[in-house]
Amino acid sequence: MLSRLILIVTAISFMAACQPKKREIIFPKTDLSKTALIPKPLKTVPTNSAFGLSKNTVIYTSGSKYEQVGLFLSEKVKSKTDLDISVNTNNGEVSADRHIYITESDSVDLKTPESYQLYIKKDSIFLNAKTAAGAFRGIQTLRQLIPNKSNDTLTDHPLWLIPTGKIFDEPKFEYRGAMLDVARHFFTVDEVKKYVDILAYYKYNVLHLHLSDDQGWRIEIKSWPKLTQIGGATEVGGGAGGYYTQDDYRELVEYAAQRHMIIIPEIDTPGHTNAASLSYPILNGNGKTVKSYTGTRVGFSTFDTRKDTVYSFLDDVIREIASLSPGPYFHIGGDESHVTRKRDYIHFVEKVEKIVQKHNKQMMGWNEIAQGNISASTVTQLWNEPHNALKAAKNGSKIVLSPGEKTYLDMKYDSLSKYGLDWAGLIPVDVAYKWNPETYVEGLSTESILGIEAPLWSETISNIEELEYLAFPRAIGYAELGWSSSENCNWEGYRKRLAMHVSFLNRMNVNYYPTKLVDWE
Ligand code: TNX
């Protein structure tokens with residue numbers, strides 16, 4: 001029935017196309033509010049017709065930053081439909097009969113830098129945003145609205161029918177992150193880029209890289225070259241390790257920036273520092289001879305928190321990395337320092353905070369840092385101690401929520417999972433989704449929550465297929481919890497929409513875990 005309708009519509013449009021005057025196209029009834037968008041937009045108003053994306057569509061943008069967004073859309077349209085859509089030119093030959101306008105707007109309805117409005121009409125699409133980041137988020141929505149198949153019964157002018165209507169959208173949280181541990185096992189620049197690509201499609205804006213741990217040091221520091229020469233050469237299980245040169249790291253930062261994402265570098269201290277102390281034994285504070293470590297225990301290493309060299313070392317490391325990182329944050333770790341005395345730990349955190357601030361960054365750290373007297377600009381990342389997050393929030397700090405039992409991508413899905421750990425419990429796809437960040441910590445106000453982040457620790461995974469298996473589809477659910485209003489987060493609705501994302505995951509060659517909780521299309 002529908003295909004017959006489409007055939008008739010196409011025939012009409014084909015006949016109309018032969019006419020010199022502008023053609024009137026009647027499209028099948030659509031419903032924009034029933035599309036499988038993830039994250040679900042704040043508000044959708046369907047108008048039940050369709051915009052026909054075709055080779056004669058042209059994208060027009062305002063300003064140079066918006067042009068980049070337009071070019072990104074054109075590239076993605078090409079890879080999904082094989083259409084060549086030009087940006088800010090109609091190539092002189094085609095008669096552009098449908099337009100996509102990506103425009104800077106100062107409308108008061110756009111409440112955050114990432115808010116956007118999408119007006120889809122029969123012959124034009126208008127995407128309005130305050131910033132290029134907002135336009136970029138809107139582009140992801142548009143990508144998801146382009147059907148996988150064209151209505152191409154008449155092959156010379158196939159149309160990809162996009163439902164018409166209006167979308168008003170904005171993020172719930174300004175910070176929507178994923179963390180990747182490249183220290184336990186190293187992941188290459190190309191592997192990280194692939195992860196960034198998928199995250200960007202779901203409107204993430206932060207990739208936190210865990211760049212050092214007991215088992216490896218992963219970023220070149222010019223003033224302390226042995227960190228990578230020695231500390232970069234190991235990983236869990238005895239593999240070859242690896243590290244990013246500063247140029248590699250710049251490339252990742254740039255790649256993320258093109259997707260309006262920041263990279264947050266983490267150098268884990270004062271514990272989790274065996275690889276650093278192996279490279280420069282003067283840093284070691286646990287009283288033992290440092291040996292290389294490729295196991296998975298935690299909590300046995302520490303810097304010597306009373307030694308000046310440790311702080312001049314950190315000043316160099318933070319200076320070099322901060323100068324490569326345009327984002328506002330520098331993460332100092334701070335977790336599981338079980339062999340650092342409490343007063344030494346506090347002394348350390350307070351001193352390092354000053355160093356981070358000297359290099360014009362806001363400090364970020366795991367929830368243990370709130371034992372110290374930290375400033376209100378420092379961000380505390382909750383993983384296992386709500387009382388420390390509450391203490392930090394009381395002092396004016398913002399909190400990023402990464403509770404182990406809900407957001408740890410390295411927890412197994414079920415007891416049969418091939419990869420992953422289970423210390424925080426098993427996390428099936430529904431458990432990962434069915435919690436409300438705004439009410440998760442009793443007594444923590446929504447205003448104190450900067451956002452959420454899903455960490456992927458890599459003790460049990462060593463390549464991109466294994467990474468993807470643990471990350472997907474759970475990371476897609478966190479994207480919705482971070483972006484969509486609580487009222488719009490609903491497991492039954494989400495699992496139906498998620499089922500429709502299998503074509504994207506397949507097209508991107510993503511090795512997701514095919515949970516039985518979802519009736520995959
Ligand atoms: C705890 S969470 C850690 C990591 C481990 C992880 C494994 C946190 C701040 N520290 O060192 O890799 O558990 O799930």
Side-chain angles (χ1 to χ4, degrees), residues 177-187 206 208-218 234-237 241 264-276 293-303 329-340 345 348-349 352 363-372 374 378-389 392 399-413 417-427 431-432 441 452-462 466-467 469-471 474-475 478:
M179 188 214 82
L180 180 61
D181 172 7
V182 294
R184 269 52 176 273
H185 281 101
F186 183 63
F187 292 86
V206 172
H208 164 183
L209 284 179
H210 184 76
L211 290 165
S212 71
D213 213 301
D214 292 321
Q215 300 87 345
W217 183 283
R218 306 295 179 214
T234 48
E235 65 180 8
V236 166
I264 299 184
E266 177 187 349
I267 295 298
D268 204 351
T269 58
H272 291 276
T273 44
N274 194 76
Y293 186 70
T294 59
T296 60
R297 265 187 310 123
V298 296
F300 61 89
S301 57
T302 184
F303 279 157
Y329 307 110
F330 186 96
H331 202 302
I332 64 131
D335 57 316
E336 300 172 320
S337 260
H338 301 324
V339 295
T340 321
Y345 177 87
F348 177 88
V349 166
V352 176
M363 187 168 91
M364 210 169 151
W366 298 104
N367 52 213
E368 289 94 327
I369 62 164
Q371 296 172 86
I374 52 173
T378 287
V379 173
T380 299
Q381 185 166 12
L382 173 123
W383 70 281
N384 70 343
E385 295 172 337
H387 65 275
N388 270 329
I399 311 299
V400 169
L401 296 173
S402 302
E405 57 171 8
K406 298 289 183 197
T407 67
Y408 268 32
L409 289 167
D410 64 314
M411 291 301 118
K412 294 180 173 190
Y413 291 98
S417 285
K418 273 189 276 177
Y419 311 107
L421 303 171
D422 60 8
W423 66 262
L426 302 171
I427 310 188
V431 170
V441 179
I452 68 173
E453 182 179 294
L456 180 46
W457 302 96
S458 62
E459 285 95 331
T460 67
I461 54 169
S462 59
E466 295 164 4
L467 178 165
Y469 187 83
L470 286 177
R474 288 181 294 197
Y478 302 131

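Start at 1 with the first residue, then count along the sequence. In each ligand, atom 1 is the first atom listed, and ligand 1 is the first ligand listed.
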Query raised in the report: Under 3.5 Å, N or O to N or O, is Asp335 touching ligand 1 that way?
Result: yes

Requested in this report: Apply the side chain to side chain donor-acceptor pair (under 3.5 Å) test between Ser301 and each candidate in Thr340, Asp214, Thr269, Asp268; give the one that qualifies.
Outcome: Asp214

Report summary line: Interatomic distance, CD@Gln371 vs NE2@His387, rounded to 0.5 Å, equals 7.0 Å

Query raised in the report: For Glu466 and His185, does a side-chain donor sit closer than 3.5 Å to a side-chain acceptor?
Result: no

Requested in this report: Give the atoms of ligand 1, by number and element, whose distance to some non-hydrogen atom of Tyr408 is under 4.0 Å.
Outcome: 2 (S), 8 (C), 14 (O)

Report summary line: For atom 1 (C) of ligand 1, the closest protein heavy atom turns out to be Glu336 OE2, 3.4 Å

Query raised in the report: Any idea which atoms of ligand 1 are less than 4.0 Å away from a heavy-atom of Leu421?
Result: 7 (C), 14 (O)

Requested in this report: State, without any angle test, whether Glu453 and Trp383 hold a side-chain donor-acceptor pair at a distance under 3.5 Å.
Outcome: no

Query raised in the report: Name the one of His210, Glu235, Gln215 that satisfies side chain to side chain donor-acceptor pair (under 3.5 Å) with Arg184?
Result: Gln215

Query - Glu459 neighbourhood, listing ligand 1 atoms whose heavy-atom distance to it stays under 4.0 Å - result: 5 (C), 7 (C), 12 (O)

Query raised in the report: Counting from 1, what ligand 1 atoms have a heavy atom of His272 closer than 4.0 Å?
Result: 11 (O)

Report task. List the closest protein heavy-atom neighbour of atom 11 (O) of ligand 1: residue, atom name, distance to the nearest 0.1 Å. Result -> Arg184 NH2, 3.0 Å

Query - ligand 1 atoms in contact with Asp410 (distance to a heavy atom under 4.0 Å) - result: 7 (C), 14 (O)

Query raised in the report: What is the distance from atom CG of Asp213 to atom OG1 of Thr273, rounded to the nearest 0.5 Å?
Result: 9.0 Å

Requested in this report: Would you please determine whether Met411 falls within less than 4.0 Å of ligand 1 on a heavy-atom basis?
Outcome: yes

